[in-house]
Protein chains: 2
Amino acid sequence: MPKRADLSDTFCPVGRSAELLGDRAVLLILRELFFGRRRFEPIAANTGLGPQLVSARLKMLVAEGIAERRVYQLRPLRYDYWLTDKGKALFDVLYAMRNWAERWAYAPGEIGAGPAIRYVHRACGSDVGTATVCPGCGAELGYGDLKGEPSSALRAEQVARTA
Amino acid sequence: MPKRADLSDTFCPVGRSAELLGDRAVLLILRELFFGRRRFEPIAANTGLGPQLVSARLKMLVAEGIAERRVYQLRPLRYDYWLTDKGKALFDVLYAMRNWAERWAYAPGEIGAGPAIRYVHRACGSDVGTATVCPGCGAELGYGDLKGEPSSALRAEQVARTA
DNA sequence: ATAGTAGCTATGATAATCATAGTGACAAGG
DNA sequence: CCTTGTCACTATGATTATCATAGCTACTAT
């Protein structure tokens with residue numbers, strides 16, 4: 001493909017987000033970072049992306065101020081990746097994607113009864129379903145407020161990927 | 001590129017959404033559809049995408065049940081595109097993308113004072129800012145509840161694109 | 001008869017992606 | 001001390017999606 005058109009200077013906020021998020025690899029890597037995986041190999045394994053793509057995208061996310069590269073071990077020198085505040089703020093987008101998929105992207109009965117990932121409000125313990133405001137206590141929900149529990153089917157899939 | 005890996009059978013809801021939304025062209029076309037543009041040429045002009053890409057993606061959106069192709073004129077035969085309920089439900093994702101960008105994707109003072117798009121709750125008239133629940137009346141906000149008003153800078157850009 | 005209008009399709013150049021293999025720096029075990 | 005293992009990457013070549021540009025089809029309007 002020719003160099004893809006640059007949207008980072010459009011005045012449209014969706015266009016600016018699309019420049020970053022309109023990329024499968026970026027979305028998958030962000031998913032892993034939100035899931036608490038911070039190291040290169042687990043991220044590559046769980047996304048199924050090749051190391052070259054993972055490397056390129058992580059570099060970009062660091063350059064954009066969305067992730068931070070930290071040394072976690074000196075000998076041998078090793079790095080891992082952490083979300084910045086700008087990165088953590090993307091949780092709402094991924095959460096909206098999850099909510100849409102839970103409702104629209106599964107065939108009836110495909111996954112059993114409950115959702116593929118159950119989210120619980122840490123502060124009050126309520127199952128929040130697909131809400132953006134806690135149905136139990138009324139608090140607004142963002143990254144850090146929620147605890148995600150993957151269904152057994154999803155957990156099995158993750159184990160298979162890393163094996 | 002080789003055929004990109006298929007994520008439509010993963011149990012992860014973010015993976016399933018990423019299969020659809022991890023694509024610049026899809027996000028831009030959805031933006032246009034949410035903006036009320038339904039015809040081929042305006043969508044192509046406002047996204048800056050070539051007609052071949054627009055054609056391919058619209059076909060895919062129809063096949064996925066996200067958009068619907070309707071005849072709006074018989075002689076000559078002409079079609080336009082409408083969001084289905086499944087498509088309309090993606091509003092939350094685009095709205096989250098807009099909210100993130102309004103906060104994080106503009107340099108200070110780049111666009112003047114207000115947001116790039118101002119959203120107003122149709123029912124009560126409140127400016128909702130970047131909330132998912134109306135700050136005026138407390139109602140949950142989804143597609144159809146909100147009216148978007150682009151800033152003058154954004155409007156100027158749109159006019160330039162179609163000229 | 002010529003000039004639009006609008007929804008597309010055809011063609012060729014370019015570059016992003018994938019799969020696979022390999023590198024560098026070190027630790028641990030025999 | 002020599003092999004094996006770990007882990008964050010880099011290198012290479014084949015494949016194919018994307019872009020820009022031009023063209024097509026079926027009409028309407030002048």
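We name chains A, B, ... by the order of the sequence lines, and we start the count at 1 in each one.
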For residues 128-154 of chain A, pull every pair meeting salt bridge (charged side-chain N to carboxylate O under 4.0 Å, His left out), keeping only residues two or more places apart or in separate chains.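 Passing the test, one end in residues 128-154 of chain A: A:R118-A:E149.
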salt_bridge(B:R69, B:D80) N-O dist < 4.0 Å: no
Gap between atoms [atom1] and [atom2], on [X] and [N] respectively (whole Å):
X     : N      : atom1 : atom2 : value
A:R70 : D:dC7  : CZ    : P     : 20 Å
A:L74 : D:dA8  : CG    : P     : 14 Å
A:N46 : D:dC7  : CG    : P     : 14 Å
A:L49 : C:dT17 : CG    : P     : 10 Å
A:I43 : D:dA8  : CD1   : P     : 9 Å
A:R24 : C:dT17 : CZ    : C1'   : 10 Å

Do any side-chain nitrogens or oxygens of B:R57 fall under 4.0 Å of OP1 or OP2 in D:dT18? yes
Going by salt bridge (Lys or Arg N to Asp or Glu O under 4.0 Å), name the residues that satisfy it together with A:E102, two or more places apart in sequence or in a different chain.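 Scan of A:E102 (salt bridge (Lys or Arg N to Asp or Glu O under 4.0 Å), adjacent residues dropped) gives A:R98.
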Residues two or more places apart in sequence or in another chain: which of them pass side-chain hydrogen bond (donor to acceptor under 3.5 Å, both in side chains) with B:E68? none
Who pairs with A:N99 by side-chain hydrogen bond (donor to acceptor under 3.5 Å, both in side chains), at least two apart in sequence or on another chain?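 By the side-chain hydrogen bond (donor to acceptor under 3.5 Å, both in side chains) rule, A:N99 matches no residue at all.
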Would the base of C:dT20 count as contacting A:Q52 through its side chain, where contact means a donor and an acceptor less than 3.5 Å apart? no
Could you run down the sub-3.5 Å N/O contacts of the protein with nucleotides 1-8 of chain C?
from	atom 1	to	atom 2	distance (Å)
C:dA6	O4'	B:R78	NH1	2.8
C:dA6	N3	B:R78	NH2	3.3
C:dG7	OP1	B:Y72	OH	3.1
C:dG7	OP2	B:E41	N	3.0
C:dG7	N7	B:E41	OE2	2.8
C:dC8	OP1	B:R69	NH2	2.6
C:dC8	OP2	B:Y81	OH	2.5

In short, ring-ring contact (aromatic ring centres under 6.0 Å, His included) pairs touching residues 112-145 of chain B with sequence neighbours left out are B:F34-B:Y143, B:F91-B:Y143, B:Y95-B:Y119
